[in-house]
Protein chains: 2
Amino acid sequence: MPMKKLDRSLIRDLSIFQSMSEEDLDAVLAMASIRQLPEGKAAFSQGEIATEFFALLHGRLKVVQTTPDGQQVVVRHVNPGDIFGIARAMRRPDFPATAIAVVESLALAWPSNQWEAFIARSPVLAMNALQTVGQRLQDAHTRIRELSTEEVERRVAHALLRLVRQAGRKTEEGILIDFPVTRQDLAEMTGTTLHTVSRVMTGWESKGLVASGRKKVVVKDAHGLHVLAEKPE
Amino acid sequence: MPMKKLDRSLIRDLSIFQSMSEEDLDAVLAMASIRQLPEGKAAFSQGEIATEFFALLHGRLKVVQTTPDGQQVVVRHVNPGDIFGIARAMRRPDFPATAIAVVESLALAWPSNQWEAFIARSPVLAMNALQTVGQRLQDAHTRIRELSTEEVERRVAHALLRLVRQAGRKTEEGILIDFPVTRQDLAEMTGTTLHTVSRVMTGWESKGLVASGRKKVVVKDAHGLHVLAEKPE
DNA sequence: CGGCCTTTTTGCTAAAAGGCAAAGATGAAA
DNA sequence: TTTCATCTTTGCCTTTTAGCAAAAAGGCCG
């Protein structure tokens, strides 16, 4: 079973499963099912009862909150190796957001009610989860600080640099964001409009900082972008 | 020792210590020291090594991030019964923010390196902490959504309603926020300026929604404020 | 290759909010 | 009571960003 083998090594690397014994990991794996997510497909949706939690093996998801009047906000991205949808572990009955595949993705899914059993079997899991959620909290606070104090151009620069870190792939042109990103997406990540993002990107393009096309962004001068992102003025 | 007695009942109520056995709680308490914080005093500061973590018994703190150029952002408030400063539990060496008493406060402090021992003794503690941090993450995402999609007036309304929930005290005039709140504070909670907050509040005052004075806010019509906060237009 | 849907760009205008400066309040301390 | 530091309000002007509308560009499918 080559598939099984692949999964195993990927799972071994999941931060949440670090320092777990092989037997415990086996027990955990025995409960998992595999979920294939074509691009655009939601792993779960905002408001849904959280009957499962997940770990991403391949691909990439965006986690989106929708406001009552339909505006969307990208809260974070899920990268390979991340666990996600752990609402129940935080004793929340429903999912507070929607997770949508931005490229074809592959995830493991476990029944939510297994969480307690897993923790009981391997308490280190709870500590790992705490670290993971703690990191997300830091990231969220960083976003809050940026949204509160920075103007649009710097926010977009920060968002783009984050994408570089999470999904950057070196090419001859520069660092390509390894999944489709529209102006609208960037707007939803930075609390602005696609029009404004477009204007900002056009400016950067002419300065040689980035090269972009339809659903595509290449960062040509990460350092220059970084300077721009940090410069207070 | 009446002080001891008081602490004990307060500690019993800390969400993080729910479902712990009496003996485990005793062991935890034995390691704690008491910390008195006069108004304006920081329990810890951004960047400091996290040698301790805390639980608030009385009073109120604000958790503030300072930007490189000195702007401040209030990330959240710490209310009685909350644990705070648990950076090390999230495997972060330093504190990512500063916690300042906004009224005279009383906290318990434990050495950071006790965390692991506590968890080992009582794994339910890790799960409680996970829930606590999970709740904070939800709150942070809510703030991100607000900052991304709402204009200033609605953001301030939401912030004020949050304060009502966390620290509202009924009086004849209306619901008083039970600690000193300046326009600057509200600005730092909502990503705007004290000038704009002042203008917004003046408008509300004339509509009879709030009554406010120096470092003081009374919500006279919480429902009206709520309508305003939710109305998309 | 051509049509068509989606995404992106851009010009113009309007609204929202910030910055500056100065004048009023308020309360605490002397 | 007077003084003084701190908060708050307000008028005016500027900047930033959103909104609207329309054109341009890309890429996919038949």
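Just so it is clear, the structure is predicted and the values come from calculations on it, not from any experiment. Proteins come first, then strands; the chains are lettered A, B, ... in the order of their sequence lines, and each starts at number 1.
For the residue pair B:Gln135 / B:Gln131, no side-chain donor-acceptor distance below 3.5 Å is found, with atom types taken as modelled.
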Protein-to-nucleotide contact annotation, 5' to 3' order, nucleotides 16-23 of chain D [B base; S sugar-phosphate only; - none; under 4.0 Å, heavy atom]: -SSBBB--

Sugar-phosphate or base contact per nucleotide [nucleotides 25-30 of chain D; S, B, -; heavy atom under 4.0 Å]: BBS---

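Residues that satisfy the salt bridge (Lys or Arg N to Asp or Glu O under 4.0 Å) test with A:Asp221, not counting sequence neighbours, are absent from this structure. A:Asp139 meets the salt bridge (Lys or Arg N to Asp or Glu O under 4.0 Å) test with no other residue; sequence neighbours excluded. Partners of B:Glu151 under the side-chain contact (heavy atoms from CB on, under 4.5 Å) rule, at least two apart in sequence or in another chain, do not exist in this structure. Partners of A:His195 according to the side-chain contact (heavy atoms from CB on, under 4.5 Å) rule, which considers only residues two or more places apart in sequence or in another chain, are A:Thr193, A:Arg199. Residues satisfying the salt bridge (Lys or Arg N to Asp or Glu O under 4.0 Å) criterion with A:Arg136, sequence neighbours excluded, are absent altogether. For A:Arg88, there are no salt bridge (Lys or Arg N to Asp or Glu O under 4.0 Å) partners two or more places apart in sequence or in a different chain.
Between B:Leu186 atom CG and D:dT9 atom C1' the separation is 15 Å, expressed in whole Å. The distance from atom NZ of A:Lys215 to atom P of C:dT8 is 8 Å, rounded to the nearest whole Å. When the P atom of C:dT7 is taken as reference, atom CG of A:Asp185 falls 9 Å away, rounded to whole Å. Rounded to whole Å, the distance from CZ on B:Arg183 to P on C:dG18 is 16 Å. One interatomic measurement links the two molecules: CD of A:Gln184 to P of C:dT8, which rounds to 9 Å at whole-angstrom precision. Distance NZ (B:Lys216) to C1' (D:dT9): 17 Å, rounded to an integer number of Å. Here C:dT7 presents its C1' atom at 9 Å from CG of A:Leu194, a figure rounded to the nearest Å.
When the C1' atoms of four end pairs are superposed on the next four at each end of the helix from C:dC1-D:dG30 to C:dA30-D:dT1, using five pairs per end, the two resulting axes differ in direction by 30°, to 10°.
In terms of phosphate contacts, B:Thr202 brings a side-chain nitrogen or oxygen within less than 4.0 Å of OP1 or OP2 of D:dT10.
Among all heavy-atom pairs drawn from A:Phe53 and A:Ser112, the shortest one is CD2-CA, 4.0 Å.
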For residues 60-68 of chain A, which side-chain N or O atoms pair as donor and acceptor with protein atoms under 3.5 Å away, sequence neighbours left out?
from, atom 1, to, atom 2, distance (Å)
A:Arg60, NH1, A:Asn79, OD1, 2.7
A:Arg60, NH1, A:Gln166, O, 2.8
A:Lys62, NZ, A:Asp185, OD1, 3.1
A:Gln65, OE1, B:Arg145, NE, 2.6
A:Thr66, OG1, A:Gln72, NE2, 3.2
A:Thr67, OG1, A:Asp69, OD1, 2.8
A:Thr67, OG1, A:Gly70, N, 3.4
A:Thr67, OG1, A:Gln71, N, 3.0
A:Thr67, OG1, A:Gln71, O, 3.3

Output a table of donor-acceptor pairs, distance under 3.5 Å, between side-chain atoms of residues 203-210 of chain B and any protein atom two or more places apart or on a different chain; print 'none' if there are none.
from, atom 1, to, atom 2, distance (Å)
B:Trp204, NE1, B:Glu153, OE2, 2.8
B:Glu205, OE1, B:Ser212, OG, 3.2
B:Glu205, OE2, B:Ser212, N, 3.2
B:Ser206, OG, B:Gly203, O, 2.8

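Listed by first then second residue, pairs satisfying side chain to side chain donor-acceptor pair (under 3.5 Å) with a partner in residues 33-49 of chain A read A:Arg35-A:Glu52, A:Gln36-A:Glu104, not counting sequence neighbours.
Residue contacts shown for A:Thr182 are limited to sugar-phosphate atoms, with no base heavy atom under 4.0 Å away.
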